[in-house]
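One structure is given here, and the rest of the page talks about it.
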Amino acid sequence: MDIIRKTEEIISRYPLCNTCLGRLFSSLGYGLENSQRGFALKTMLLMKAYNSLEEENNINLVKKLARSGFKPAMKLLEEKFNTSMDENEVEKCFICKGLLEEESLFKKISQRILTSLREIESKTFLIGVRVDESMVAREMQVISDFGVETSETLKREINRKIGKIIEASSRLKVDYKDPEVTVIVDFPTGNLEVNIKPLFVYGRYRKLVRGLPQSAGKDHVRWDAPPKPSIEEYIGRPLLKVTRGEEVRLHGAGREDVDVLTLGSGRPFVAEVLRPRIRCIDLNELARRIREYSEGKVEVEDLRIVARSMVEKIKVLSEKAVKLYRAIVTFEGDVDEKDLKSIESSFKNILIKQQTPLRVLKRRADKVRSKIVYYVKTKKISSNTVEFLIKCQGGLYVKELITGDAGRTRPSFSEILGTQPRKIVLDILYIEETTRGLER
Ligand SMILES: [Zn+2]
């Protein structure tokens, strides 16, 4: 490819600024700004024309160069031909209308981005640019007219220019893979869209009172939503405050019934903070605030910052996690000690077949699940009250294991005892820690 000839053809048809001309040849060589490439190409053309100025077409070329705002060409016209070029004869760059050489515009846009980034405590960022469509279309026209194959996109050039200013005037670093903040800027209007990466906090919670749901409802925890007593609220509100986020959503490794306690080492969860302004938080202090805000109803431990993928991991693993329950059950009739021994001996590594319980049938598909009960231990408290310890696979409906759910769960405790429970008080004593080694 004869670069000089191609440049001559292009500049003869379109007035282009140094930057837009240089960008058409961007892939040729390293360590150069496009504006430097453009300046060099125009200089070469001018020297070529100067070599034989008596030729008509060379005079025209000088005029075309001057038209594109190339000062040395204007100077040559003035000195040699005594034709000073009027300012308004200089045409604006066909592609960018001169905007790419307006340093003040880039400074103004960068300043705006910096101001919005300053409100967020982040270390890494990435700029995305949306370029005015007509500008892109004009560039495509030039590229297709001359079959240019060495150009880079307007978007990339604008992006680089802004990124440089921001890196130079702040401590922020560009991160292409996983930036904490992404700023989408419209060029040339400078309108911004700031996207902040959510923050994910892993932990395990203990629920120490009955009657508390896990979820705060469809609005989760937000500044403008009234607090609804729940695990999500008690963990989410203090987290919302310390991160100055906009919303917190709780993802639990399964959930206990409203009337069930979760004790022992607790249930794994990931709290997702949307649009956090602060990412670096004191997790011990957070745990203290959660206990204080919930007035001891909820405790958390083992808090740490994790990747988004942890949400999916705890959900999948909760299906398999082994759990230990304690159930204190009061039956309608008296309970025979012999039958309790029979429960202990028969519910040992046994497969339980459960058809979806009647009480959740509205929300869940009707199907038969097979879950393992590893062991059951019994302790008679009164003639009709028994404490059971039940170790089983995650996903087993424990209440139905006791009641039999009108024959939908088999075998069941009631089936053996020959009496139905009047009251069941259920606690989760232990959830197998399934997430060790899965921090990242
Ligand atoms: Zn231009």
Side-chain angles (χ1 to χ4, degrees), residues 1 3-46 49 60-77 85-113 127-166 185-191:
M1 176 181 56
I3 299 166
I4 302 300
R5 218 171 103 196
K6 193 160 213 164
T7 306
E8 186 174 344
E9 286 171 13
I10 294 170
I11 213 76
S12 297
R13 195 180 309 171
Y14 298 111
L16 295 180
C17 69
N18 293 344
T19 304
C20 288
L21 177 63
R23 194 172 53 258
L24 297 175
F25 301 95
S26 186
S27 67
L28 304 176
Y30 302 99
L32 288 168
E33 300 269 358
N34 286 331
S35 60
Q36 293 173 315
R37 283 191 181 87
F39 187 85
L41 287 166
K42 287 183 184 179
T43 306
M44 291 291 285
L45 281 186
L46 189 65
N60 279 337
L61 179 57
V62 176
K63 283 182 180 162
K64 293 285 187 190
L65 285 166
R67 179 187 69 163
S68 77
F70 190 52
K71 293 252 160 57
M74 289 157 87
K75 182 114 176 135
L76 181 65
L77 283 179
M85 198 161 202
D86 200 330
E87 272 298 319
N88 53 29
E89 280 180 87
V90 174
E91 290 179 36
K92 280 191 172 155
C93 171
F94 172 73
I95 295 173
C96 76
K97 304 294 173 199
L99 294 175
L100 254 70
E101 305 222 311
E102 255 184 52
E103 292 304 321
S104 60
L105 175 65
F106 283 90
K107 283 211 180 99
K108 202 178 85 191
I109 290 175
S110 305
Q111 205 50 53
R112 201 184 271 191
I113 295 172
I127 307 279
V129 179
R130 265 194 302 247
V131 185
D132 174 69
E133 279 176 25
S134 58
M135 206 183 276
V136 175
R138 289 194 298 271
E139 179 165 69
M140 289 314 294
Q141 185 183 327
V142 176
I143 287 172
S144 76
D145 277 6
F146 296 97
V148 176
E149 288 171 345
T150 49
S151 68
E152 74 170 343
T153 60
L154 260 168
K155 195 181 185 144
R156 242 182 95 175
E157 166 137 43
I158 294 167
N159 206 315
R160 191 173 52 240
K161 280 183 163 215
I162 295 173
K164 267 187 192 165
I165 300 176
I166 292 186
V185 54
D186 286 327
F187 188 87
T189 64
N191 290 337

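Note: hydrogens, waters and symmetry copies are ignored here, and every other heavy atom, side chains too, is used. Start at 1 and go down the list; that is how both ligands and their atoms are numbered. On a predicted model such as this, the values are computed, not experimentally measured, just so you know.
Taking the side chain to side chain donor-acceptor pair (under 3.5 Å) definition, one finds that R130 meets it with D186, E193, sequence neighbours left out. Residues that satisfy the side chain to side chain donor-acceptor pair (under 3.5 Å) test with Q111, not counting sequence neighbours, are absent from this structure. Residues satisfying the side-chain contact (heavy atoms from CB on, under 4.5 Å) criterion with T7, sequence neighbours excluded, are I3, L21, F25, L41, L45.
A heavy-atom distance below 4.5 Å is found between the side chains of I162 and S110.
Counting only protein atoms, the N, O or S atoms lying less than 2.8 Å from the Zn ion (ligand 1) are C17 SG, C20 SG, C93 SG, C96 SG, ordered by chain and residue number.
Under the 3.5 Å distance criterion, the side-chain polar atoms of E157 are left unmatched by any main-chain donor or acceptor of E152.
The number of heavy-atom neighbours closer than 6.0 Å to NZ of K63, taken from other residues, nucleotides and ligands shown, is 12 or below.
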